Amino acid sequence: MARDGLPLFPVTVVGSWPRPPWLLEALRKRHAGQISYQEFQQIADRAVLEALQAQIEAGVEIVSDGEQRRDNFYSFVVDKLEGVRMMSVAEMYDYAEDKSFFEQILRQLDVPAYAIKTPVAVDRIRLKMPLALDELEFLRRHTDRPVKIPLPGPYLLTRTMWVQGLSDRVYPTREDLAQDVVAILREEILRLRDAGADFIQLDEPVLTEVVFQPPVHSRTFMCASLSAAAEDPQMELAWAAQLINRVVLGVEGVRIGVHICRGNWTTREEALLTGDYRPLLGTLEAMRVQQWVLEFATPRAGDLEVFQACRQKRELGLGVVNPRTAEVESPEFIIARVKGALQYFEPSQIFLNPDCGFGTFAERPVATPEVAFRKLQAIRAAAEQLRREFGE
Amino acid sequence: MGTIVNGLEIEQLQQLVAQVQADPEAARSLNRWTARVRWLGGFKGRAYIRNHSFVIDEPADLAGKDEAPNAVEYVLGALGACLTVGFVLNATKRGIPIRNLELALEGEIDNILTFLGLSNEGHPGYREIVVRAYVDADADEETLRAIWAETVATSPVGNTLARSVTLQPELSRVAAS
């Protein structure tokens, strides 16, 4: 057995599932003010049940709600927080000190400024309603399986939401905003734990943007590029780890992981970041979380050998399928990846998951539900075989 | 007030078109445009156009002070603005409301070395300008493509560039009194 009554090599997801067209239609209507928040939630209930059913049928053992209620993994906080406004890059252009930098990113992504939106702190942020408690409670009513709730991490939220010229009236520095972000996330984690969440995953994807310092033409995270582009990478990493620790310090009774990836907005692998985890290892070790949820199916993430220097330090949520490719990985490929990880981790420390979500951005899913389903099935088949081999 | 689409009054627009159609002479004044540019030192200049004025400079790596766009960038801006006006006009004529419209332009100079006197190959003008329009409007893609094609075909700045306008350079030597 792995820990907490889970089987060895538990099969889980990173979070998102491709939204059905009728849910996207409802999402558009809600953004256009044509249906209410409540009306949208009723439609999303059905989508969550379908996403849940797909995971259960594919053999997922720690399920999520597929992030069906969210427009993406971090912007959804706009609905839950006061003091935060969804702004398009077009609206933010006049506040950007380095406008030519914006222009280069828009060109690279081939998108207009009006189409990229991000939450911005424009006033003191306060909880309007819990960030993800509704997601958990709904899932709890419909499944006995352990539940994973992904939340945007404190560094991601602070970096994204603090924009010079818009946020500094209320929060003179990013750290001032971070204090409120940390408090909100910490309360949310305690609330989710008390309501029966099994696994809370803090998403901090932009850390790769910090370490790989990509040239402007290959910026991956627009959300991270809107502020703080010139900060010192080492200080950023240290600050990110510190923020995570302030959120999770002393929280017991729920598994907390941190997820890092190199972008999941396109199926063009060459447009996403490349580099192994070496420059992030110190930061990962400094974070007092139980699990690192990391991509390893894509060759862009480098090799598992990086863990030579820090064996068995944490659980590893091992990315074993690439959510962006149409080809379904074989159980043999997955098993080989796990065996590579077993050189540095105990069997009881390894969880199996895709590299990232299948539909991180509602309007830009990277997989079809059919392919996502078959990839999860392949993970479960590999897990069964590994369990036979390693003791269950 | 009549029907407003895209911030424009449709009837007024139609009336304007009808008026010019009935009396082409009325449009004669719209055929001539003027500008005056004064040198301000370095590579900087100021353009005076009717009751407006704006600065033109060069970026620092071209020995300017980078206080404003340079002339070839204004060409891109002018083309983009012209195509924007044309797109809105043509969409509004069809009664199509536009939620968002954004144009991204990129021009490629044929050979900048000829401007610097370092080469006789090619020419220092734009060889090609790529214009990408991003549109968010209540119309199907085919309709939007038709509007875009019409806009490009009837664009005054677009035609100026694409048809190679005849330049008539003249010079007067005038001392300040």
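Order of the sequence lines sets the chain letters (A, B, ...), proteins ahead of strands, with each chain counted from 1. Computed from a predicted model, the values in this text were never measured in an experiment.
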Would you mind checking which part of A/A115 comes under 4.5 Å of any heavy atom in chain B, side chain (CB onward), backbone (N, CA, C, O), both or neither?
-> neither

What are the sub-3.5 Å donor-acceptor pairs between chain B and chain A, distances to 0.1 Å?
{"from": "B/E102", "atom 1": "OE1", "to": "A/A113", "atom 2": "N", "distance (Å)": "3.1"}
{"from": "B/E102", "atom 1": "OE1", "to": "A/Y114", "atom 2": "N", "distance (Å)": "3.1"}
{"from": "B/E102", "atom 1": "OE2", "to": "A/A113", "atom 2": "N", "distance (Å)": "2.4"}
{"from": "B/L105", "atom 1": "O", "to": "A/R107", "atom 2": "NH2", "distance (Å)": "2.7"}
{"from": "B/E106", "atom 1": "OE1", "to": "A/R107", "atom 2": "NH1", "distance (Å)": "3.4"}
{"from": "B/R132", "atom 1": "NH1", "to": "A/D110", "atom 2": "OD1", "distance (Å)": "3.3"}
{"from": "B/R132", "atom 1": "NH1", "to": "A/D110", "atom 2": "OD2", "distance (Å)": "3.1"}
{"from": "B/Y134", "atom 1": "O", "to": "A/Y114", "atom 2": "OH", "distance (Å)": "3.4"}
{"from": "B/Y134", "atom 1": "OH", "to": "A/D110", "atom 2": "OD1", "distance (Å)": "2.5"}
{"from": "B/V135", "atom 1": "N", "to": "A/Y114", "atom 2": "OH", "distance (Å)": "3.3"}

Contacting region of B/L101 [heavy-atom separation from chain A under 4.5 Å] | backbone

By number, which residues in residues 47-54 of chain B have some heavy atom less than 4.5 Å away from chain A?
-> none

May I ask you to check whether over 12 heavy atoms, not counting those of B/D140, lie within 6.0 Å of atom CG?
-> yes

B/R145 atom CZ, over 12 foreign heavy atoms within 6.0 Å = no

Provide the full list of salt bridge (charged side-chain N to carboxylate O under 4.0 Å, His left out) pairs with a residue in residues 20-41 of chain B, sequence neighbours left out, each pair given once.
-> B/E25-B/R28

Using the ring pair (Phe, Tyr, Trp, His ring centres under 6.0 Å) rule, collect all pairs that involve residues 77-101 of chain B, keeping only residues at least two apart or in two chains.
-> none

